[in-house]
Every structure is written in structure tokens, then in C-alpha cells.
Amino acid sequence: ASGRDVDEEEEDGTAAVLLSVLVQRGQLGLCFYDSEDSSLHYMVDAPDNHELHLLSRVIQEVRPHVILTSAKQERCLTQYLQQLGSDPQYKPEVVTYPYVDFEMDKMSYLSSCITFDSPLMLRAVGALLKCLDRRRVGVELEDITVGVPILQFRAYTL
């Protein structure tokens with residue numbers, strides 16, 4: 001999609017991409033939700049250097065509207081997000097949650113959908129699910145009992 005199409009979708013509120021990311025000891029764990037097709041994409045924990053080149057590639061490809069991360073974060077990610085915020089062409093909303101919100105939640109459900117070999121990715125998924133519950137992406141006007149739909153889990157690779 002061209003940059004113009006993405007902006008129009010964001011203004012209409014019809015589609016949103018929320019990226020949840022954690023960096024710890026040279027490892028990157030992430031997942032993202034795409035409201036256009038109600039899918040949750042997850043990437044197994046992968047090594048990334050202190051300049052976060054892998055994260056940069058993911059952000060360039062996915063172009064999230066919201067980046068969710070932990071308030072307790074490594075310095076390299078904090079610096080990266082500050083640098084990202086200075087780009088006048090692309091300014092995603094950065095949301096930080098307390099470290100405790102990045103927990104492994106809804107394990108019995110998730111165990112049938114994704115691998116448990118990536119602890120950072122699992123914590124990122126837990127935080128993303130909590131964020132979706134709080135923001136009610138795509139179901140804002142529905143009854144409070146209606147959850148955000150996740151129709152598919154997809155492994156994500158670059």
C-alpha cells in the first residue's frame with residue numbers, strides 16, 4: 001500500500017496495525033495485530049544488535065500505527081523509539097505498559113496456536129492481547145462483552 005492509502009485507512013479508522021515488541025539481552029521478541037484481516041502475526045525470538053536493524057526492517061515492512069512496549073526496557077530500544085519519533089514522515093503512537101503487563105496470559109489457548117520456545121514473543125503476545133482488550137480495536141461500538149476478533153495466528157518472517 002502506498003503511504004497515502006495507509007494514511008487514509010488510519011483516518012477512517014478502518015484498519016490498524018498494533019506492534020508489541022520487547023528487547024532483552026540482544027534478543028528481539030515481537031508480534032503484531034492487523035485489524036484489516038483480524039490476524040495476529042508472531043515472530044519467534046531472534047538476535048538483534050544494539051542498533052536494532054531487524055526491528056527497523058519489521059517496522060518498515062509492517063508500518064504499525066501503534067508500537068507497544070514495556071516501561072522497563074533496554075536503552076537501545078528507548079533510543080530507537082526516540083529516533084523513530086523524530087521522523088516527520090512516520091510517527092506511530094508509542095504506548096508503554098508496566099512491565100507486569102508483559103506476562104504470559106491465556107496460556108492454554110495460546111499453547112494450541114503458537115510455539116512456547118520464545119519467551120519474549122510470548123510476553124509480547126500477552127501484552128498485545130491486553131492492549132486489544134483495552135482499546136477494543138474494531139469493536140469500539142459493540143457491547144463490552146464482544147471481544148476483538150483474532151481469526152488467525154500466523155508465523156511472521158522477513
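Using modelled atom types, one side-chain atom of His65 and one backbone atom of Val17 make a donor-acceptor pair closer than 3.5 Å. Panel note: side chain Ser20, backbone Ala124; a donor-acceptor pair is recorded below 3.5 Å.
Linking Ile, Leu, Val, Met, Phe, Trp and Tyr residues whenever their side-chain heavy atoms come within less than 4.5 Å places Tyr33 and Tyr97 in a single cluster. Placement of Val62 and Met43 within a single hydrophobic cluster is found when ILVMFWY residues are connected by side-chain heavy-atom separations under 4.5 Å, directly or transitively. Linking ILVMFWY residues whenever their side-chain heavy atoms come closer than 4.5 Å, directly or via other members, places Leu54 and Ile59 in the same cluster.
Heavy-atom neighbours of Gln152 CD from other residues, nucleotides or ligands within 6.0 Å: above the threshold of 12.
For the pair Leu77/Leu52, a side-chain contact is recorded, criterion being any heavy-atom separation below 4.5 Å from C-beta on. Annotation: side chain of Leu81 is in contact with side chain of Thr69 (closest heavy-atom distance under 4.5 Å). Counting only heavy atoms from C-beta outward, the side chains of Leu128 and Leu40 approach each other to under 4.5 Å. The shortest side-chain heavy-atom distance between Leu84 and Lys91 does not fall under the 4.5 Å cut-off. The shortest distance between side-chain heavy atoms of Ile150 and Ser38 does not fall below 4.5 Å. Contact of the Val21 side chain with the Val58 side chain is not registered, since no non-hydrogen atoms from C-beta on lie closer than 4.5 Å. The closest side-chain heavy-atom distance from Gln73 to Val23 is below 4.5 Å. The side-chain heavy atoms of Val95 and Leu18, taken from C-beta on, include no pair separated by under 4.5 Å.
Ion pairing of Asp48 with Arg57 is absent here, as no side-chain N (NZ or NE/NH1/NH2) approaches a carboxylate O to less than 4.0 Å.
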**Prompt:** Between Asp34 and Arg154, is a salt bridge (charged side-chain N to carboxylate O under 4.0 Å, His left out) present by the stated rule, with each step listed?
**Reply:** CA-CA 11 Å; Asp34 186 346; Arg154 293 183 176 169; over 6 Å; no

**Request:** Take Tyr42 and Tyr156 through the ring pair (Phe, Tyr, Trp, His ring centres under 6.0 Å) test and state the conclusion after the steps.
**Result:** CA-CA 5 Å; Tyr42 60 91; Tyr156 175 75; 9.7 Å; no

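Taken to the nearest 0.5 Å, the OG atom of Ser70 stands 6.5 Å off from the CZ atom of Arg123. Remark: His50 NE2 to Gln79 CD distance equals 9.0 Å, nearest 0.5 Å. To the nearest 0.5 Å, atom CG of residue Asp45 and atom CG of residue Leu120 are 4.5 Å apart. Note that SG of Cys31 and CE of Met121 are 8.0 Å apart. Values are rounded to the nearest 0.5 Å. Atom-to-atom distance recorded for Leu28:CG and His53:NE2 is 13.0 Å, nearest 0.5 angstrom.
Contact between Cys131 and Leu68 at its shortest, heavy atoms only, is CB-CD2, 3.7 Å. Contact record, Ser35 with Ala16: OG-N, 2.6 Å, taken as the closest heavy-atom pair.
Using modelled atom types, one finds no donor on one side chain facing an acceptor on the other under 3.5 Å when comparing Gln27 with Arg25. Side-chain atoms of Tyr80 and Glu74 form no donor-acceptor pair, as typed in the model, at a separation below 3.5 Å.
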